[in-house]
Each structure stands twice: as structure tokens, then as C-alpha cells.
Amino acid sequence: MAKSKATSRSMDPATQEVLRALEKDGQAVDLSWDRCDAQQPQCGFGQLGLCCRHCAMGPCRIDPFGNGPKVGICGANADVIAARVLVRMIAAGAAAHSDHGRDVAHTLLEAAKGDSDYKVTDVEKVTKLAEEFGIATEGASPQDLARQVAERCFSEYGQQSGELLFAQRAPEDQKKRWRLMNAMPRGIDREIVEIMHRTHIGVDNEYKNIIGQGVRAALGDGWGGSMCATELSDVLFGRPKPIRARVNFGAMDPESVNVIVHGHEPTLSEMLVAAAQDPAIIKAAQSKGAKGVVLSGICCTANEVLMRHGMPIAGNFLQQELAVATGAVEAIVVDVQCIMPSLPEVAKHYHTKIVSTSPKAKFEGAMHIQFDEHRAMEIAKDILTAAIDNFPNRNREIVHIPDIKNELVAGFSTENVYEFLGGRYRPSYRPLNDAVISGRFRGACAIVGCNNPKMRHDEGHVELTKELLANDVIVVTTGCTAIADAKYGLLDPKESLQHCGHGIREVCRAVGIPPVLHQGSCVDISRILVVLSNMVKEGGLGESIADLPAAGAAPEWMSEKAVSIGFYVAASGAYTVLGVPFPVQGAKNLTEYLTNGMEKDYGGKFAFEPDPVKASRLILDHIDKKRQALGLPAPMYPVPYLGIWPESQKSEDQTKAELEAQAKADPMMAV
Ligand code: BF8
Ligand code: SF4
């Protein structure tokens, strides 16, 4: 028998188990890993960013070895070609996030008009947003405020000049840089359109200028479209609160109708959660011989509903086809983004119905039940009924749900992060800053992003997270990274502690939070931007995000949205380490700029490093450099990787004695 590929494809035991079961059955299900193998060797020109098909004189390609053409037919050189390709990725990514935000604004507007099944849930938040937008709040009803806030957000999309409102949340120093670089976003849509204009043949032919517009559009995503999506979702569905949940395939139930929500927008899935609790729906499921309906999720729709309702997560991006292959899923309900077109094809081997719901995202072979917020509850029930009716079609002989699941705590928002780290009696960012200043936390890192079949599933996320925790770097996370880390217990307040250094362990133990804070879906990386800005404003850690001992990482990224995220994170001042390089390495000047020169302009820059341990060293070196620049001490406790601090490390014994003394003096170990 051929050697199993399961172990090399994924580090997740549940994923491996389904892969092995498929191999054993000799089932001809084509998976992303198989298709990735079939694509090898992948085009070197594409990987290096050296091909262009922006006009019909082309396609053109540049010889990376200098033996063939050095420019395209129009004369564009490698730097221009690669920069154009890259910023078009930003345009697509920023468009995807921002359009999601626009849809949430639309839903809020309809809710405010009392014209749909949705309502304004978080009155405090909508009032705060109204104040931030300069809207008069006195005497105004929550609906009225919500309407004005939604309309104001809409106008941010179409604004032609000026500066985005949410971008004002950034530290002054960062805003100054953006203005100086002409990178302050004027309007969310405008910057995306301008990328498309500038990358048309014969327009912008200077690579740094092209990247400048990419930065501007990406900032319009992070500090605009994504932030709208996050903030308005909070208004509609409530701010997340720390909540327990389960993750991985074992969260599904072999005796129940399993429905998976997959994609990105929370609107329909919020309704599905409510509909699944309807006694009539449960009764209908029971009438077909099922125990009930179990709703779980994949990708960011899952993260949205997890954050607010503790809905279980079935898996992350690379698990979507395998969820079908458990044979136990009656329906996968999809909306937009990161949904593999292969799903209906995989589903042909099983009874699973793929139900598309967005007019923007249809799939050949899927059942389409179009979402309409005016009839949201009715549609949610229709979908669940279709799934329930499909239950008797399940082939029980092939059902294989790995009995593997983990506990996690999610639900950290910009607001409650400081409540936790600040304690109930002094909710501010001060204690968090003090923990960093004292060296109890060496620094902070945001680890985010996708899975990519070019890399061993989850390994980049999990290994990098573990390395950083061991070195007392607190981690914030979103998206598929959060799901990956959760599967290994890193979001479980107890189980995770074994991976942490002394500093993080004592804080997390005292306040009862995990050392990896799940902040939501990928649009919720906007929460991380606000947390970082608030840390700067709190004082003692420099004048801008670029001064913080902090970094960002996307170990397994694959989507264009991740390119936009990478750019708004780096251009907001954070050192950003990518496990998969941007397709630019054939363009020498551009690569040098992204990995070095752009730091001078924006405060942050990129590094490409697929090895998670090496990536952690880059991040720790960066954090240490920033600590040193701020005049901060060495990490408080011994850490496995010393970086620049070998001289000042205390011995393990010293630390132990100190810890014991401290525990006696203050059992709560106040930060
Ligand atoms: O927006 S991390 S694979 S699911 S793109 Fe997609 Fe990547 Fe997952 Fe969320 Ni984000
Ligand atoms: Fe070739 Fe220039 Fe056309 Fe690109 S824009 S395909 S490099 S001629």
C-alpha cells in the first residue's frame, strides 16, 4: 500500500484521520492537496512576479536570469510588472473586505428602518460611534443613531477627498507618515479604483509610486472597510464577550443533522443560529430520526458566530472539503469568500448539499437559496428544512467523524481586552502597557491568515505561536490562525499555559484569559489596529505603532485579502513576517523596498520566512530592538531565545524565588 500522505499534509490529527480514511477507501475524491500536487512545478514567472497580462500586446514575461527579455513589450520592467500584480491583489483583497463592510452597513440601515428581521442590539456601541462621527446623540433613538451611523459609513465608501473617519483613530505620528507619503485614504472605493487605473498599461510606471497607492487602498481596507464591518457587526449582533466553545470535526454530532456555515458574512448565519433553536425545526429534525440540528462553522463566518454565540467551529480553510468527506454533513451553507469552487464536486460523492446564498457567489452544482434580509428568518428556516430533509439520504456506512475536539475561549474585543488585562477595577490599557514595559510581556504579536496547501496545514500557525508564547510574547489572532491555534489548545486558558513563559503564565493565570486572544474574523484585524493605537495612546511605549515591541505574521497566507491585510498592518507600523513570500522576488528593487526601504516611509516592513522557528526569531529580534530603542529592560524572566539580552538574563533559580515571593505577597499577581 502506498505511504499515507496524511501526516505530511496536515499536523491536525482530525484532518489526518479523514485523509487516511479517504486513502483507505480508495475514494476518488480530489482535494486541494491533490490539485496542488497536480500543479507542480508551478510557473516560476508567476511565483517571482515576472509575468504580465495587463494588455493584449502581452502576455509578457521577464527572464529572471537576465538572459532573455528585461522588459515587457510596453517597456515595463520587472519592478513595475511585479508591483502592478501585487497592488492588484491588494485591490481585490480590499474590495472583498470592504464590500463585506458595505453589506453590513446595508443590513444595519434596513434594521434601523425597522424593515428587516434584524435589530440594533448594541445601543452603547452605536451611541459611541455616533459621537465619534460628530452626530448629535441627545434625544435620538438607537434606530435613528444607527441609521445615521450606517449612512455615514456608506459615505466613507464614496468619499472623493479628505480623510477616512476611522483612520483618525491611528496615532498622530502614524497619520503624519501617511499624509507625508500621500497614503492617507480619501475614500474606500476610490483607492481601489485608482489601483485599477494606475495599473492599466501605460499609467503608473514607477514601482514605489504604485506601491504607495497599494498602501493607500490597503489602509482604506483596514482603517475603513474592515473597520466598518467590525464596528457595525457589533452594533447589529452585539459586541463579543469571552465565550467557551469547541473546535474541530469532533464538534459535529453523528446523531444530528449537521449544518455547516462557511464564508464570511455574519448576517445569515446569525439567523441560522436562531432558527436552529426553533422548536419546530428541532421537531422536524427528530421526525427524520435525528437528535436535533447541530450548527458549526468553517472560516470566518464561523469566527463571527463563535465570537457572539459560542457556535462550534468545524475547521479552517483546508478542512472545508474534508468536512464533506466525513459523510455526516447535510448542508454547507456558503456566502462569500474562501469557498472552494470544488465543493459541489466533492459533494457529488456524498449526500451533502452545498447551498449558496449570495447573488455575488454562485456555484455550478450547488443549490441556490438567495438571502434576503427582509425574509431572513424564513430563509434560514428554509435552508435548515432542506438540510433536515436531506438527513435520510445520509449513507451511515461511510460516516466518519473523527472524535477529536478541543475547548477554547474566544470573544475578545477592543473594549474587553483592556477590561481583562486591566482588571475590573481599573479598566484601561495601563496594566497591559505596564506588563510590556516591565518585561513581563516581552512584546505582542498578531498572528493571522489562511491555510495554504503548499505548507503543512496549521504547522506554521501553531509552531510560531508556541515559540512566541514560550518567549513571553502575547499573541492576538483572527481568522484561520485562530482556528488552527484553538485546535491545539492554545486558546484554552488552562491547556495553553504549558506553552507559555513565566511572564505570560502569571498574567493569564491571574486574569483567567488564554495567552492567545481570539479577536474574530479577518475583518476584525481592525480590532487589533485599535488595540495597538490604544496602547500607544496610553503612553510609555513610544509615539506610534512602529515604536511598539510588536509585530504581525501570516504564516500560511494565500488570499488576496491577506495581501491587503499585510500592507495595512505594515503601513500602520508593524514588522510583518509572511510564511509565503509575495510574488515579487524576481523584482529586485521592489523586494528590497518591501523588506527594507518601506520601514523608513511607513514604520513597518515585510520579511518572508516559511520556517516558523526562524520566523519567531525574526519577530523576537525585532521586538528586542524596539524594547532597546524605548529603553525598556530585558524580559523579566528567562526565555528560551535570548536574542540581544544574554547578559541581563536572571537565572532560573532567581526567577523561581522571585515568583514564589510574589505569589505570597499577591496571589492575584496583579499586573
Ligand atoms: O478572511 S484567514 S482562508 S477564511 S482569507 Fe479565508 Fe484566509 Fe481563512 Fe477569513 Ni481570512
Ligand atoms: Fe506586456 Fe506591458 Fe502589456 Fe504587460 S502591459 S502585457 S508588460 S505590454
Side-chain angles (χ1 to χ4, degrees), residues 32 45 49-62 69-85 88-89 92-94 96-101 198-205 210 221-222 225-226 229-230 261-266 297-307 313-320 334-340 446-453 455 457-458 460-461 477-485 518-526 553-566 578-580 587:
S32 58
F45 294 102
L50 294 178
C51 62
C52 178
R53 40 180 191 78
H54 285 202
C55 86
M57 291 189 281
C60 300
R61 54 192 190 181
I62 308 290
K70 290 189 178 52
V71 290
I73 295 169
C74 67
N77 64 22
D79 292 314
V80 167
I81 288 176
R84 288 196 307 212
V85 170
R88 280 203 175 185
M89 293 179 90
H97 279 150
S98 302
D99 211 32
H100 167 174
R198 288 213 213 174
T199 54
H200 183 277
I201 180 194
V203 184
D204 201 351
N205 291 306
I210 298 171
D221 169 1
S226 280
T230 298
V261 292
H262 173 24
H264 282 75
E265 297 185 344
I298 285 178
C299 287
C300 283
T301 288
N303 283 320
E304 296 272 1
V305 193
L306 161 75
M307 294 283 281
I313 300 237
N316 51 8
F317 178 69
L318 276 182
Q319 288 177 274
Q320 56 185 289
V334 302
D335 48 55
V336 291
Q337 302 169 21
C338 303
I339 303 145
M340 287 193 194
I447 312 182
V448 302
C450 325
N451 297 135
N452 187 325
M455 315 190 74
H457 173 226
D458 288 349
H461 301 301
T477 184
T478 61
C480 288
T481 310
I483 301 174
D485 283 354
H518 189 342
Q519 296 226 279
S521 65
C522 293
V523 290
D524 294 333
I525 295 171
S526 61
E556 303 177 28
W557 76 273
M558 62 85 203
S559 78
E560 289 166 313
K561 289 180 289 172
V563 182
S564 179
I565 294 167
L578 304 177
V580 181

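Whatever order the structure lists them in is the order used to number ligands and atoms, beginning at 1. What you see is a predicted model, and the numbers here were worked out from it, not measured in a lab.
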Do the non-hydrogen side-chain atoms of Cys300 and Gln337 ever get within less than 4.5 Å of each other?
no
Proximity to ligand 1 by part of Ser559, non-hydrogen separation under 4.0 Å:
side chain
I'd like to know if the side chain of His518 and the backbone of Ile483 have a donor-acceptor N/O pair within less than 3.5 Å.
no
Is there a side-chain contact between His54 and Thr199 in this structure, where contact means two heavy atoms from C-beta onward sitting under 4.5 Å apart?
yes
At a 4.0 Å threshold, what atoms of ligand 2 neighbour a non-hydrogen atom of Cys52?
4 (Fe), 5 (S), 6 (S), 7 (S)
Short side-chain to backbone donor-acceptor contact, Trp557 and Val563, under 3.5 Å:
no
Could you tell me which atoms of ligand 2, counted from 1 in the order shown, lie closer than 4.0 angstrom to a heavy atom of Gly58?
6 (S)
Check against side chain to side chain contact (heavy atoms under 4.5 Å, CB included), Ile81 and Leu50:
CA-CA 6 Å; Ile81 288 176; Leu50 294 178; 5.8 Å; no
Flag for Glu556-Asn451: side-chain donor and acceptor within less than 3.5 Å
yes
For atom 3 (Fe) of ligand 2, the option (of Ala56, Gly75, Cys55, Cys51) bearing the nearest heavy atom:
Cys55
Relative to the heavy atoms of Met558, which atoms of ligand 1 are at a distance of less than 4.0 Å?
3 (S)
Donor-acceptor side-chain pairing of Lys561 and His100 below 3.5 angstrom:
no
Can you list the ligand 1 atoms lying under 4.0 Å from a non-hydrogen atom of Cys338?
3 (S), 4 (S), 5 (S), 6 (Fe)
What protein heavy atom is closest to atom 5 (S) of ligand 2, reported as residue, atom name and distance in Å?
Arg84 NH2, 3.4 Å
Side chains of Val448 and Cys522, heavy atoms from C-beta outward: is any pair under 4.5 Å?
no
Is it the case that the side chain of Thr230 and the backbone of Ser226 share a donor-acceptor pair, with hydrogens and angles ignored and the cut-off at 3.5 Å?
yes
With a 4.0 Å cut-off on heavy atoms, is His97 touching ligand 1?
no
What do you reckon, does Gly449 put a non-hydrogen atom under 4.0 Å from ligand 1?
yes
State the atoms of ligand 1, each with its element, that fall below the 4.0 Å cut-off from a heavy-atom position in Cys450.
2 (S), 3 (S), 5 (S), 7 (Fe)
N/O/S atom of Cys480 under 2.8 Å from atom 8 (Fe) of ligand 1, yes or no?
yes
Taking N, O or S atoms only and a limit of 2.8 Å, check whether Cys299 reaches atom 7 (Fe) of ligand 1.
no
Arg84 vs Cys52, test: side chain to side chain contact (heavy atoms under 4.5 Å, CB included). Steps then yes/no.
CA-CA 9 Å; Arg84 288 196 307 212; Cys52 178; 3.3 Å; yes
Under 3.5 Å, is there a donor-acceptor pair linking the side chains of His457 and Asn316?
yes
Report the part of His200 (side chain from C-beta onward, or backbone N, CA, C, O) that has a heavy atom under 4.0 Å from ligand 2; answer both or neither where that applies.
neither
Contact atoms of ligand 1, heavy-atom distance to Cys300 under 4.0 Å
1 (O), 4 (S), 9 (Fe)
Number the atoms of ligand 2 from 1 as they appear, then name those within less than 4.0 Å of a heavy atom of Cys60, with their elements.
1 (Fe), 6 (S), 7 (S), 8 (S)
Distance filter under 4.0 Å to Phe317 heavy atoms, resulting ligand 1 atoms
3 (S)
Taking 4.0 angstrom as the limit and counting only heavy atoms of His264, give me the atoms of ligand 1 inside it, by number and element.
1 (O), 4 (S), 6 (Fe), 9 (Fe)
Can you pull out the closest protein heavy atom to atom 10 (Ni) of ligand 1? Residue, atom name and distance to 0.1 Å, please.
Cys522 SG, 2.2 Å
Any donor-acceptor N or O pair under 3.5 Å, side chains Asp485, Thr477:
no
Pull out every atom of ligand 2 sitting under 4.0 Å from any heavy atom of Cys74, numbered as shown with elements.
2 (Fe), 5 (S), 7 (S), 8 (S)
